Amino acid sequence: MTETKIVPVLNTTSNKNEKEYPACSTCAKGGCCGGFGIKAGSEKEVVYRNIFLYLGMGAIVFGVSYLIMQILV
């Protein structure tokens with residue numbers, strides 16, 4: 001019979017902060033660290049700036065992709 005080998009696995013939750021606040025370890029979860037750069041208690045101007053910034057970036061991406069499609073066709 002073959003002998004099974006035990007492979008050691010790294011413990012990825014060794015950080016104390018991740019145990020207390022698991023949402024802080026990932027991006028855009030909206031937990032205690034704030035998703036999309038909007039944190040709890042942010043001023044209205046900061047929230048509006050971030051939202052319009054993301055909408056603007058999306059419009060630029062769609063516009064450039066549309067222009068590239070028109071150039072290639």
Side-chain angles (χ1 to χ4, degrees):
M1 234 174 168
T2 60
E3 198 174 308
T4 58
K5 293 183 180 179
I6 298 175
V7 179
V9 180
L10 292 175
N11 186 5
T12 58
T13 60
S14 62
N15 191 1
K16 181 184 174 204
N17 192 22
E18 289 179 4
K19 289 179 183 176
E20 292 176 6
Y21 306 108
C24 290
S25 62
T26 58
C27 183
K29 284 287 189 184
C32 61
C33 292
F36 298 111
I38 301 170
K39 297 179 180 173
S42 294
E43 297 291 326
K44 283 185 182 180
E45 294 82 19
V46 174
V47 174
Y48 290 144
R49 182 195 64 198
N50 288 343
I51 289 173
F52 288 123
L53 182 70
Y54 294 130
L55 288 175
M57 287 189 295
I60 290 170
V61 167
F62 282 120
V64 169
S65 62
Y66 178 77
L67 288 175
I68 291 173
M69 286 175 43
Q70 293 303 315
I71 291 171
L72 292 177
V73 173

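Just so you know, residue 1 is the first one in the sequence shown, and it goes up from there. Keep in mind that this is a model prediction, so the values were computed, not measured.
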Exercise. Could I get the full list of side-chain contact (heavy atoms from CB on, under 4.5 Å) partners for Gln70, not counting sequence neighbours?
Key: Tyr66
Quiz item: Heavy atoms, side chains only, cut-off 4.5 Å: are Tyr54 and Met57 in contact?
Solution: yes
Quiz item: Which residues, ordered by chain and number, are linked to Ile60 in its hydrophobic cluster, where ILVMFWY side chains connect at heavy-atom gaps below 4.5 Å, directly or through other members?
Solution: Val64, Ile68, Leu72
Quiz prompt | Set of side-chain contact (heavy atoms from CB on, under 4.5 Å) partners for Met69, sequence neighbours left out | solution = none
Quiz item: Under a single-linkage definition using a 4.5 Å side-chain heavy-atom cutoff for Ile, Leu, Val, Met, Phe, Trp and Tyr, are Val47 and Phe52 assigned to the same hydrophobic cluster?
Solution: yes
